[in-house]
Amino acid sequence: MRPTFLALCSVAMLVGGVLFLISAYSGSTPAEDMVLSYRVRAVPQQGFEVELTVHGMVGDRPYLRMLSGWGLVQDQPGHVVGHEAWDDYGPLPMTRENDSEESYWQLERKPEGDLHVRYRVKNQPAEIAPHASFTGRDHMLLLGYSLFLLPGEIDHFAPLSATVSVELPERWNTWSSWPHESQVFAPSTAHELWSLVIAGGNYRPAQLASGRVDATVLTEGQGNSTLGLHILNRLFPVLREMETLFGAPPKGDQLRVLAVFRELPVQGTKSILMGTSETGSFLCLATPDRYRTPDDLTALAVHECLHFYLGGAVTASPEPPFRNAPEMAWLMEGVVESVAFRLMERAGVLSPDQARAITQDKLQKLTRSPRTQGMSLAEAARAMDDLELYTLVYNRGYLFARLLEEHMDRTCGDGSFDTFLRRLFEEQGVAATQRAVTNKSVAKLLDEVCPGSFALVEDYAFTGRALPALANEPAHAAP
């Protein structure tokens, strides 16, 4: 799952992402050798208190870990304070060590008996750490990757024996991305643990369920009481088209969506709309001006939900510090951006004229900055802290994906591009392979569906060559 950064800019923007939670198997002791128990207490306006018990801790030099950073927040473990550890023999000192990808709490020795760890995760201002867990006066949001320390010997997709018990203030309603019983969750992998999302307290909920699609939208604050319902009414038919396109939910037997929309504090003239996805949930943050534009919020929601498939079910190995996959930005962002608007048009929530206007807008944006001339999608994806460069991923990526789809459908028959997407999900998803996709594995499938198609990726996604004109669009010299 991949992040979106908090861009400090004076113009409106629409960006999306999803955080990857995947690592190569290291040949370590299987996760089923350990049993984890987390007890979490939400303290309004202060953060979270966490107690972790690990039975059967393995490794000669055991340690706990957490992602070092995500987006612009490059010291996420700095939120973890007041940690103490002990075993059957007494106190057990821990020393924190950092690298560019994860931070580690190294234990002084191997525990005797069970390991017990207690720590706090403090609140950070939303404008500084928008992707972090928080507790407010009357509501909270728990994001697993920013809360749970994880034993270092556990692989992300190996079976996990763990329970998470959550204590919230009395009478707070609760919504979550994973099923639970009496506020006790049982994630089956470390991936599920870190992608757990729980919202509680004073949100405005809207919910729809039909067939294999179940969606809940939560909105913050005392503003428009119908905002969530408006978004949901537009999002829901697109979710049904999405499930039809891929042929199945991204996980399990139902496409379950928990959408949380938060309003960021006013930041002068800065206009911000950003999103990030987990498994079965996504978080949207917007400044007040963008929080009142439900069409933009819906478009971002569709983009983030597509990441349940491309980015979640089908995932690529991330690179620090921003934890995206630059070499596969053409697929994970460009294709997602293009398919999102196509599904909106297919579902009837976007008119053909509106769809053409979006394409024209992206064409125009590509020609505005000489800095983007000759820049590839991967180069732009490695510059997430530079708005002018990073948004190239969504504009050029969208247009490239349109070009690829037109080529495949024209050369190999209508629906060839859709066939590629479905087979990619079915054959190269994490559930089937336990591995990340690569350009090599995607190229093989792409050329099986429509021979020669990956040559377009090499010519226009891996380089900054000008894109040829799309059908029914004027010629252009896109950077």
Side-chain angles (χ1 to χ4, degrees), residues 3-7 12-17 42-48 70-71 73 79 121-144 146-147 166 168-169 171-177 196-208 215-236 257-268 270-278 280-305:
T4 299
F5 70 110
L6 178 59
M13 64 177 177
L14 176 63
V15 292
V43 183
Q45 297 182 293
Q46 295 184 34
F48 297 86
W70 188 24
V73 185
H79 300 175
V121 179
K122 63 182 180 180
N123 278 343
Q124 293 289 327
E127 63 272 22
I128 296 176
H131 300 307
S133 301
F134 81 94
T135 60
R137 179 181 58 82
D138 61 359
H139 68 305
M140 72 91 189
L141 185 66
L142 184 159
L143 305 169
S146 72
L147 196 79
V166 180
L168 302 180
R171 297 180 181 176
W172 277 23
N173 292 323
T174 306
W175 301 267
S176 70
S177 59
L196 174 66
V197 174
I198 303 174
N202 187 24
Y203 290 94
R204 294 180 182 271
Q207 183 175 13
L208 280 175
T216 299
V217 172
L218 305 178
T219 52
E220 225 182 21
Q222 302 299 318
N224 185 352
S225 61
T226 64
L227 176 63
L229 187 58
H230 184 90
I231 295 171
L232 183 59
N233 283 336
R234 292 170 61 81
L235 174 63
F236 196 83
V257 177
L258 174 65
V260 182
F261 289 83
R262 293 192 61 202
E263 190 169 358
L264 285 174
V266 176
Q267 300 185 42
K270 301 177 183 70
S271 182
I272 297 170
L273 177 59
M274 57 189 296
T276 185
S277 295
E278 299 300 325
S281 65
F282 69 86
L283 170 64
C284 169
L285 300 105
T287 45
D289 60 318
R290 305 305 300 278
Y291 205 69
R292 295 176 177 84
T293 56
D295 288 349
D296 287 349
L297 296 177
T298 302
L300 179 61
V302 174
H303 181 106
E304 298 304 330
C305 288

**OP:** Kindly give the heavy-atom pair with the smallest separation between Trp172 and Arg137, and that separation in Å.
**Re:** CZ2-O, 3.8 Å

Original post:
From Leu147 CG over to His79 NE2, what is the distance, rounded to the nearest 0.5 angstrom?
Top reply: 11.5 Å

Subject >> Which atom of Thr135 lies closest to which atom of Gly47, heavy atoms considered >> reply: OG1-N, 2.8 Å

Subject >> Minimum heavy-atom distance between Val197 and Leu141, given as atom pair plus value >> reply: CG1-CD1, 4.0 Å

Subject >> Tyr291 and Thr219: CA distance, side-chain angles, deciding distance, side-chain contact (heavy atoms from CB on, under 4.5 Å) verdict >> reply: CA-CA 10 Å; Tyr291 205 69; Thr219 52; 3.6 Å; yes

**OP:** Would you check if Pro44 and Asp138 make a side-chain contact, meaning some heavy-atom pair closer than 4.5 Å?
**Re:** no

Original post:
After noting the C-alpha distance and the side-chain angles of Leu285 and Ile272, does the key distance pass the side-chain contact (heavy atoms from CB on, under 4.5 Å) rule?
Top reply: CA-CA 8 Å; Leu285 300 105; Ile272 297 170; 6.0 Å; no

**OP:** Compare every heavy atom of Leu227 with every heavy atom of Pro294, then report the nearest pair and how far apart it is.
**Re:** CB-CD1, 3.9 Å

**OP:** Any chance you could measure Leu300, atom CG, to Leu273, atom CG, to the nearest 0.5 Å?
**Re:** 5.0 Å

Subject >> All ring-ring contact (aromatic ring centres under 6.0 Å, His included) counterparts of Tyr203, not counting sequence neighbours >> reply: His139

**OP:** Report the distance from atom CG of Leu264 to atom CG of Asp289, rounding to the nearest 0.5 Å.
**Re:** 10.5 Å

Subject >> Distance-minimising heavy-atom pair for Leu297 and Ala286 >> reply: CD2-CB, 4.4 Å

**OP:** Could you check Trp175 against Gln207 for side-chain contact (heavy atoms from CB on, under 4.5 Å), going step by step and ending with a plain yes or no?
**Re:** CA-CA 11 Å; Trp175 301 267; Gln207 183 175 13; over 6 Å; no

